[in-house]
Amino acid sequence: MGTYVMSDLHGCYDKYMKMLEKIKFSEDDMLYILGDILDRGPHPVKIVQDLMKRSNVICLAGNHEYMALKCLKFLLMEVTCENLDRLNDQMLGRLINWQQNGSASTVDEFYKLDRAERTEVVQFISEFELCEEISVNGKTYILVHAGLGNFRPDKELWEYGIDDLVWERPDYETPYYSDKYVITGHTPTMAIRANASPGYIYKANHHIAIDCGAGFGGKLGCICLETMEEFYIE
Ligand SMILES: [Mn+2]
């Protein structure tokens with residue numbers, strides 16, 4: 001039994017499937033996905049539909065699910081005069097912002113689904129948690145998409161705002177805790193200044209950063225928490 005963590009799949013269905021094969025993912029294992037399944041790459045909704053069938057996967061929300069959810073709930077509605085009235089400036093702003101962040105592939109696949117499937121997908125994504133604390137082999141890990149923005153050591157996890165958890169970038173040179181490890185996606189490891197191996201998983205200062213840039217032509221990374229073994233798909 002292994003506990004695996006990956007992040008920022010960004011529609012890379014093929015890399016995701018190859019990774020499951022590589023880690024020999026079975027029903028005895030557990031997989032955590034730290035958000036940003038959606039957008040950019042070609043098959044985000046196909047990944048979501050695969051995840052929906054698995055009982056041993058826990059997905060956390062990233063900024064892309066957060067952006068998508070507000071818009072998908074709107075796109076789920078029938079086109080009626082009353083609903084079009086809800087296409088106000090705020091909703092338009094959200095749609096444009098999401099579009100600028102690579103929504104096209106998500107929207108394309110979403111509209112290929114029938115109505116019942118669309119509802120299921122939105123329901124599934126809306127149940128994603130924002131963070132999770134787990135214990136593996138006596139070590140404690142905080143799993144979160146982006147980081148713990150506006151960090152204070154005495155702050156409880158539930159006290160962080162959504163933006164702090166899905167948008168903010170952590171300071172990877174400063175440990176948050178001495179007795180816990182924080183595992184994050186969101187910031188590609190090639191963008192971490194202190195990282196000696198850009199594009200590979202970064203482990204230092206009680207941080208573990210696992211977004212190796214799969215959505216931007218980089219690798220998909222995955223880490224096994226029992227062994228700390230790293231896996232990569234080009
Ligand atoms: Mn992100």
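First listed ligand is number 1; within each ligand, the first listed atom is number 1. Scope of the values below: all heavy atoms of this structure, side chains included, with no hydrogens, waters or symmetry mates.
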**Student:** Taking salt bridge (charged side-chain N to carboxylate O under 4.0 Å, His left out) as the test, write out the residues that go with Glu173, two or more places apart.
**Tutor:**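 Partners of Glu173 by the salt bridge (charged side-chain N to carboxylate O under 4.0 Å, His left out) criterion, ordered by chain and then number, come out as Arg193.
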**Student:** For Phe216, check ring pair (Phe, Tyr, Trp, His ring centres under 6.0 Å) against everything at least two apart and list the hits.
**Tutor:**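 In terms of ring pair (Phe, Tyr, Trp, His ring centres under 6.0 Å), with neighbours along the sequence ignored, Phe216 is linked to no residue.
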**Student:** Whether Arg115 and Glu78 form a salt bridge (side-chain N of Lys/Arg under 4.0 Å from carboxylate O of Asp/Glu) is what I want to check.
**Tutor:**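 Looking at Arg115 together with Glu78, the answer is yes, because their closest N to O distance falls below 4.0 Å.
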**Student:** Side chains of Thr184 and His145, heavy atoms from C-beta outward: is any pair under 4.5 Å?
**Tutor:**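 No, their side chains stay 4.5 Å or more apart.
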**Student:** Who else is in the cluster with Ile192 when I, L, V, M, F, W and Y are joined by side-chain contacts under 4.5 Å?
**Tutor:**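 Same cluster as Ile192: Tyr172, Tyr202.
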**Student:** Check the Mn ion (ligand 1) and write out every protein N, O or S atom at under 2.8 Å, as residue and atom.
**Tutor:**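 Near the Mn ion (ligand 1), below 2.8 Å, one finds Asp36 OD2, Asn63 OD1, His145 NE2, His186 ND1.
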**Student:** Under 6.0 Å from the ring centre and within 45 degrees of the ring axis: does the NZ or CZ of Lys180 meet both conditions for the six-membered ring of Tyr141?
**Tutor:**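 Cation-pi check for Lys180 and Tyr141: fails.
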